[in-house]
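Below you'll find the structure, written out as structure tokens, and then a few comments.
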There are 2 protein chains.
Amino acid sequence: MKLNIDIIAENLLAIHPLLYKSISKPLKNKSSITPGGMFVMGILKRNGMLSMSDIGNYLSMPKPHVTVIIDRLIEEEYVLRQNDPNDRRVVNILLTDKGISEFEELKEALSLNLKSKLVLLSEEELEQLSKASQQMKEILISILSKEKNKEY
Amino acid sequence: MKLNIDIIAENLLAIHPLLYKSISKPLKNKSSITPGGMFVMGILKRNGMLSMSDIGNYLSMPKPHVTVIIDRLIEEEYVLRQNDPNDRRVVNILLTDKGISEFEELKEALSLNLKSKLVLLSEEELEQLSKASQQMKEILISILSKEKNKEY
DNA sequence: CATAATAGTTATACTTTTGTAACCATTATA
DNA sequence: TATAATGGTTACAAAAGTATAACTATTATG
């Protein structure tokens, strides 16, 4: 009998390119935001204010890359830099109102794009997918989100 | 009340970077295969022989990119090119034994990497994640796999 | 048969991401 | 207080992915 963990690995490996296809690609046409910028805005939306290092750790991005992405998001006024009063080395990043609404629009664009595909599903299947993705999200967040991967 | 479809969109948007982190990054150190090459091998593993165009459609990759990736996989002897006897324009790609075992190794490496994180989960949660990911995979494959996104 | 369409490759330019190293400012520690 | 460690930026090189156009070979269609 196959171990749960191997089944999970196999499934994640299969799901990954499908998400890539159904998310990154469609949204590319909708916005000037790069995939990296989208990821950053996503965790900012979920976590509120984060330091540059936090962002790098959440997404396993090299710090210099985080700087580049944030520079660009700032240019477009989607996020703000704020110095941390407790530690003057750290720079905290937070979404602006413009950033929040842009992210909402991205999410809507994704919904719209998905809708054309999800019509093929029955109401039960939709419900299943909704619940399954919710569970996956929660579990993956609980085990993956916080950990520190690498020091750049 | 929130629509299932919006919940799904939100969840997929959250899951995507987590998979990116837990799959692409860890495997990068284990193998010379690029993420794109990994995706290609994955669908070849699942679907058997595919034409160049099929691969591009499954993964929403521009055809020139598929050519580059296949060139490299052939160099490393993970796949083979075969002319289609029915239509001499099409080139079919299939995994070699070496490619299959390399892919299995990648999957094992991923399992191993996941294991260190999944220890935090209870047996029930593992079971949940296993089933949820299975459902997600099946549903996403059914609605996303076949469609043609764009002609390059 | 002439023409259009398809499958794939080659070439090229560009963007995004990755990886390192060097560096500054600030904080922690011996 | 001298030194090490941390947080972040800058600069640079290289890999990976994206996008287009031009081209060959083959097949489909008028």
Side-chain angles (χ1 to χ4, degrees), chain A residues 16-17 20-21 23-41 49-76 79-93 148-152, chain B residues 16-17 20-21 23-29 31-40 49-76 79-93 148-152:
Chain A
H16 186 197
Y20 191 63
K21 174 175 185 173
I23 295 181
S24 286
K25 305 275 173 120
L27 294 191
K28 183 166 306 168
N29 309 317
K30 295 287 175 188
S31 165
S32 62
I33 301 181
T34 64
M38 218 174 61
F39 289 170
V40 169
M41 290 178 72
M49 194 170 72
L50 288 176
S51 74
M52 298 293 285
S53 294
D54 288 341
I55 294 172
N57 288 328
Y58 273 110
L59 300 176
S60 297
M61 271 178 190
K63 277 199 273 190
H65 190 201
V66 177
T67 298
V68 170
I69 288 177
I70 293 298
D71 280 350
R72 177 138 169 214
L73 290 177
I74 283 176
E75 242 177 58
E76 314 203 50
V79 301
L80 285 177
R81 259 185 251 257
Q82 265 186 2
N83 293 322
D84 189 320
N86 301 324
D87 185 336
R88 293 163 61 198
R89 289 171 302 182
V90 341
V91 175
N92 292 311
I93 308 297
K148 230 168 153 172
N149 260 19
K150 187 178 170 183
E151 206 44 65
Y152 291 98
Chain B
H16 186 196
Y20 191 62
K21 173 176 184 173
I23 296 183
S24 285
K25 307 274 173 121
L27 294 191
K28 184 166 305 168
N29 309 317
S31 166
S32 62
I33 301 181
T34 64
M38 218 173 61
F39 290 172
V40 170
M49 195 170 71
L50 290 175
S51 74
M52 298 294 285
S53 295
D54 288 341
I55 293 171
N57 287 329
Y58 273 111
L59 300 176
S60 294
M61 270 177 190
K63 276 200 273 189
H65 192 200
V66 177
T67 299
V68 170
I69 287 176
I70 292 298
D71 280 349
R72 178 139 168 212
L73 289 177
I74 284 176
E75 241 177 60
E76 315 203 52
V79 302
L80 283 179
R81 258 186 251 258
Q82 266 187 1
N83 294 321
D84 190 321
N86 301 323
D87 184 338
R88 291 165 59 196
R89 290 172 303 182
V90 340
V91 175
N92 291 311
I93 309 297
K148 231 167 152 171
N149 260 20
K150 188 178 171 184
E151 205 44 65
Y152 293 97

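So you know, we letter chains A, B, ... as the sequences are listed, proteins then strands, and number each from 1.
- A:Lys63 and A:Ser53 get closest at one heavy-atom pair: CD-OG, 3.8 Å.
- Listed by chain and residue number, nothing satisfies the side chain to side chain donor-acceptor pair (under 3.5 Å) test with B:Asn83 (two or more places apart in sequence, or in another chain).
- Phosphate proximity of D:dA16 to A:Tyr20: absent, as no side-chain N or O sits under 4.0 Å from OP1 or OP2.
- At a non-hydrogen distance threshold of 4.0 Å, B:Arg81 from residues 79-88 of chain B come into contact with DNA chain C.
- Of the candidates C:dT10, D:dT18, C:dT17, the closest approach to any side-chain atom of B:Asp71 belongs to C:dT10.
- When each of D:dG8, C:dT16, C:dG8 is scored by its nearest atom to the side-chain atoms of A:Val91, the top-ranked nucleotide is D:dG8.
- One interatomic measurement links the two molecules: CD1 of B:Ile33 to P of D:dA15, which rounds to 17 Å at whole-angstrom precision.
- DNA chain D is contacted by both B:His65 and A:Val66; A:Val66 maps to the nucleotide lying nearer its 5′ end (nearest heavy atom per residue).
- C:dA7 atom P lies 9 Å from atom CG of B:Asp54, rounded to whole Å.
- Distance A:Ile69 CD1 to D:dT9 C1': 15 Å, rounded to the nearest Å.
- The shortest side-chain heavy-atom distance between A:Ile70 and A:Val40 falls under the 4.5 Å cut-off.
- Taking all atoms of both residues into account, the shortest heavy-atom contact from B:Pro17 to A:Leu59 is CB-CD2, 4.0 Å.
- Scanning for side chain to side chain donor-acceptor pair (under 3.5 Å) contacts around A:Ser51 gives A:Asp54, with sequence neighbours left out.
- Listed nucleotides: C:dT18, D:dG17, D:dT10. Nearest to the side chain of B:Thr34: D:dG17.
- Note: CD1 (A:Ile70) to C1' (D:dT9) measures 13 Å, nearest angstrom.
- Between the CG atom of A:Asn92 and the C1' atom of D:dG7 there is a distance of 11 Å, given to the nearest Å.
- With sequence neighbours left out, the salt bridge (charged side-chain N to carboxylate O under 4.0 Å, His left out) criterion links A:Asp84 to no other residue.
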Just the atom pairs and distances: protein N or O near nucleotides 4-6 of chain C's N or O, under 3.5 Å.
from: C:dT6; atom 1: O2; to: B:Arg89; atom 2: NH1; distance (Å): 2.8

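- In this structure, B:Ile74 and B:Val79 have side chains that are in contact, with non-hydrogen atoms separated by less than 4.5 Å.
- By the salt bridge (charged side-chain N to carboxylate O under 4.0 Å, His left out) test, B:Arg89 pairs with B:Asp87, sequence neighbours left out.
- Each of B:Val90 and A:Gly36 lies near DNA chain C, and the nucleotide nearest B:Val90 is the one positioned closer to the 5' end.
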Do any N or O atoms of the protein come closer than 3.5 Å to N or O atoms of nucleotides 21-23 of chain D, and which pairs are they?
none

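- With sequence neighbours excluded, the residues satisfying ring pair (Phe, Tyr, Trp, His ring centres under 6.0 Å) with A:His16 are B:Phe39.
- The separation between A:Met52 atom CE and D:dT10 atom C1' is 12 Å, rounded to whole Å.
- Side chain of A:Lys21 to main chain of B:Tyr58: a donor-acceptor pair is present (N/O by atom type, distance under 3.5 Å, no hydrogens or angles).
- A search for side chain to side chain donor-acceptor pair (under 3.5 Å) contacts involving B:Ser31 returns B:Glu102, not counting sequence neighbours.
- Ranking C:dG8, C:dT18, D:dT18 by closeness to the A:Pro62 side chain, first place goes to C:dT18.
- Rounded to whole angstrom, the span from the CE atom of B:Met61 across to the C1' atom of C:dA7 amounts to 18 Å.
- With C:dT16, D:dG8, C:dG8 as the candidates, the nucleotide lying closest to the side chain of B:Ser53 is C:dG8.
- Contact annotation: A:Thr67 side-chain N/O to D:dT9 OP1/OP2 distance is under 4.0 Å.
- Residues passing the side chain to side chain donor-acceptor pair (under 3.5 Å) test with A:Arg81 are A:Asp71, sequence neighbours excluded.
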